[in-house]
Amino acid sequence: MQLDTHWFGRFEDVFRARDEYGLSETLIQYNVRDKKTFLIDEVENPSFKYVPKIDVASHTRFFSDLRTEILSTEKNEVVQELYNQKLIQQIARIRMLIATIHRDDAEFYAASVELYGQPKKKYFTYVAMRVCEHARNTQMSGMRGAAAKRLLKIFSKIDTKKNTIDVSVLPPVVNGDEKVLTSQQARQIFESRLKEDGISGWRVVVDRTRARTHFSVSQQEKTVNVPNSTQLRIRKKPFTVIHAKAIAAHEIGVHVQRAENGARSPLKLLGVGLDRYMKGEEGLATFMQQQVEGATEFAGFEHYLAASLAVGLDGKKRDFRSVYAILMDYFLVVAPEHEDESAISDYAEKMAWRFCVRIFRGTTGRNTGYIFTKDIVYLEGNVEIWDLMTSAPERFSDFFVGKYDPLNKQHLSALQALGILPQYKN
């Protein structure tokens with residue numbers, strides 16, 4: 001018997017249509033000229049246009065009214081509180097969207113922090129240490145050398161002596177694998193993973209617009225989305241069979257598998273995710289991807305670097321332009337060694353723009369210290385899942401009962417009280 005069939009049925013469509021990956025993603029529009037004027041320094045910061053995807057007023061009323069009803073009528077206190085927290089989260093996300101529409105960066109950032117937290121000194125210390133390592137390993141001449149010196153001027157001031165994060169825990173990179181040349185080859189690998197995991201009702205869909213650059217899943221449509229062959233061919237790093245299988249482990253082995261298991265569990269809410277489940281979700285997904293292809297760095301490193309610089313963990317808050325300049329230097333330093341200077345510069349420009357757009361999306365990008373903090377969950381979650389797997393590997397199979405955060409004590413105690421998770425000794 002499922003404990004929340006009545007409540008879940010009331011707003012399943014709303015949750016699935018505006019899930020963790022959907023509602024928070026405001027539509028950022030800019031044309032080629034907007035980007036070009038920024039890159040050639042004609043404007044200090046780029047201009048973004050935001051188009052709301054939902055009727056924010058009606059969604060706010062819906063979630064507020066439903067929360068009031070659940071708090072007054074649901075008899076199971078654990079179920080009541082899980083839904084209460086989920087609805088509080090939904091309302092905060094709409095508040096964040098309203099702030100975007102009103103171009104209120106301070107309110108947007110406050111709501112984002114409520115949902116995802118803010119960059120932490122512990123992780124920035126690790127990031128600073130690794131940036132310094134990259135810079136010191138760079139030949140101090142030419143364009144790269146100048147970038148390395150600028151990075152060291154910023155990051156060598158950070159005290160990294162108390163860093164406790166160790167990259168050596170990651171498995172070695174798997175090299176020398178055959179390339180995936182077409183989207184149909186990728187599709188076959190993903191379909192094999194669905195079959196291997198015993199998942200039915202999901203489709204692997206190849207993008208026909210040539211616009212999609214990454215793989216993703218849609219719970220609402222039950223699709224695994226694959227980029228077009230053209231996008232696979234023009235990737236900077238050759239797309240191999242091993243990488244395709246690693247992404248399948250991430251997208252299907254974690255995101256799809258947890259959604260399916262959660263929907264069949266005693267608590268249907270586990271099919272779409274408990275409140276603030278993303279750190280554990282993405283930490284586990286990247287952990288599983290690393291088991292297949294190895295890694296030289298924890299997931300989400302560049303996202304955390306950009307976010308930490310923007311909010312000023314080194315003592316100076318920054319806007320889009322200021323973060324972009326530092327990321328340019330970072331990507332100049334870490335660009336592939338075999339590239340000529342023109343190619344290296346193009347690579348750094350592309351990557352710095354991409355990561356700045358990600359962390360500043362939802363804001364004007366013009367006010368220092370205000371960002372969308374969602375992407376910090378990748379590094380934090382990846383590091384903490386590795387720590388948990390080192391200390392309590394016996395818990396691994398329990399991670400797949402649904403979409404919850406194994407790192408969240410409130411989630412653990414609630415699911416243990418409902419009999420979905422066992423009691424742990426530690």
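In this text, all values refer to a predicted model and were calculated from it rather than measured experimentally. Every heavy atom of this structure was used, including side-chain atoms; hydrogens, water molecules and symmetry mates were not.
No hydrogens or angles considered: nothing links the side chains of S183 and N228 as a donor-acceptor pair under 3.5 Å. Between the side chains of N84 and R67, a donor-acceptor pair is found at a separation under 3.5 Å. For the residue pair S229/T182, the side-chain donor-acceptor check at 3.5 Å is not satisfied. Under 3.5 Å, the side chains of T363 and D105 contain no donor-acceptor pair of N or O atoms. Between the side chains of Q118 and Y109, a donor-acceptor pair is found at a separation under 3.5 Å. Between Q416 and Y424, the side chains place no donor N or O within less than 3.5 Å of an acceptor N or O (distance only, hydrogens not considered). Counted by atom type alone, Q188 and Q184 present zero donor-acceptor pairs between their side chains at under 3.5 Å. Between the side chains of T160 and T125, not a single donor N or O lies within less than 3.5 Å of an accepting N or O. Between the side chains of E281 and Y404, no donor N or O sits under 3.5 Å from an acceptor N or O. Residues N382 and Q290 bring a donor and an acceptor atom of their side chains to less than 3.5 Å of each other. Q289 and E293 form a side-chain donor-acceptor contact under 3.5 Å, judged by distance and modelled atom types alone. Between the side chains of D166 and S168, at least one donor N or O sits under 3.5 Å from an acceptor N or O.
Residue-environment remark: NZ (K179) stays at or below the threshold of 12 foreign heavy atoms within 6.0 Å. For K316, the NZ atom is loosely surrounded, since the number of other residues' heavy atoms within 6.0 Å does not exceed 12.
Between E114 and R95, at least one side-chain nitrogen of the basic residue sits less than 4.0 Å from a carboxylate oxygen of the acidic one, meeting the salt-bridge criterion. A salt bridge does not link D329 with K149: every distance from a Lys NZ or Arg NE/NH1/NH2 to an Asp or Glu carboxylate oxygen is 4.0 Å or more. Of the charged side-chain nitrogens involved, none lies within less than 4.0 Å of a carboxylate oxygen, so that D346 and K350 do not count as a salt-bridged pair. K279 has no carboxylate O lying under 4.0 Å from a charged side-chain N of D405, or vice versa, which leaves the two without a salt bridge. A salt bridge links R321 to D41: one of the charged nitrogens lies within less than 4.0 Å of a carboxylate oxygen. R366 has no carboxylate O lying under 4.0 Å from a charged side-chain N of D319, or vice versa, which leaves the two without a salt bridge. The residues E260 and K222 are annotated as salt-bridged, a charged nitrogen and a carboxylate oxygen being separated by less than 4.0 angstrom.
Contact of the L274 side chain with the K403 side chain is not registered, since no non-hydrogen atoms from C-beta on lie closer than 4.5 Å. Contact annotation: the side chain of V43 never approaches that of S47 to less than 4.5 Å [non-hydrogen atoms, C-beta and beyond]. In this structure, C132 and L151 have side chains that are not in contact, with every pair of non-hydrogen atoms separated by 4.5 Å or more. Looking only at side-chain heavy atoms (C-beta outward), V131 and F301 come within less than 4.5 Å of each other. Within the 4.5 Å cutoff, no side-chain heavy atoms of K161 are placed close to those of M129. Residues D314 and R318 meet the side-chain proximity criterion, which asks for heavy atoms closer than 4.5 Å. Two residues are said to be in side-chain contact when any heavy atoms from C-beta on lie closer than 4.5 Å; V169 and F298 meet this criterion. For the pair Y370 and K317, the minimum side-chain heavy-atom distance is 4.5 Å or more.
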Under the side chain to side chain contact (heavy atoms under 4.5 Å, CB included) rule, what do L412 and L407 come out as? Steps first, then yes or no, please. CA-CA 8 Å; L412 295 181; L407 308 164; over 6 Å; no
Show your working on side chain to side chain contact (heavy atoms under 4.5 Å, CB included) between L39 and E349 and close with a plain yes or no. CA-CA 8 Å; L39 295 178; E349 182 180 278; 3.6 Å; yes
Show, in sequence, the C-alpha distance, side-chain angles and deciding distance for R203 and V224, and conclude whether the side chain to side chain contact (heavy atoms under 4.5 Å, CB included) test is met. CA-CA 6 Å; R203 297 178 299 119; V224 181; over 6 Å; no
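Of the possible polar contacts, one joining the N137 side chain to the E133 backbone as a donor-acceptor pair under 3.5 Å is found. Panel note: side chain R258, backbone F399; a donor-acceptor pair is recorded below 3.5 Å. Although no hydrogens or angles enter the test, the distance criterion places a donor-acceptor pair under 3.5 Å between the side chain of S265 and the main chain of L267. A donor-acceptor contact shorter than 3.5 Å links the side chain of Q219 to the backbone of G271. Between the side chain of D275 and the main chain of Q85, no donor-acceptor pair closer than 3.5 Å is present. K86 contributes a side-chain N or O that, together with a main-chain N or O of G273, makes up a donor-acceptor pair within less than 3.5 Å. For the pair S112 (side chain) and T373 (backbone), a donor-acceptor distance under 3.5 Å is present. S308 contributes no side-chain N or O that, together with a main-chain N or O of P119, makes up a donor-acceptor pair within less than 3.5 Å. Judged by distance alone, the side chain of S413 and the main-chain N or O of K409 form a donor-acceptor pair under 3.5 Å. R276 places no side-chain N or O within 3.5 Å of a backbone atom of N408 that could act as its donor or acceptor partner.
For F372 and Y116, the gap between ring centers is short of 6.0 Å. Residues Y324 and F355 place their aromatic rings such that the two centres sit no closer than 6.0 Å. For F38 and F320, the gap between ring centers is short of 6.0 Å. No close placement of the F63 and Y83 rings is indicated, their centers lying 6.0 Å or farther apart.
Between H303 and Y378, the ring planes lie parallel to each other; the angle is under 30°, not in the 30° to 60° tilted range.
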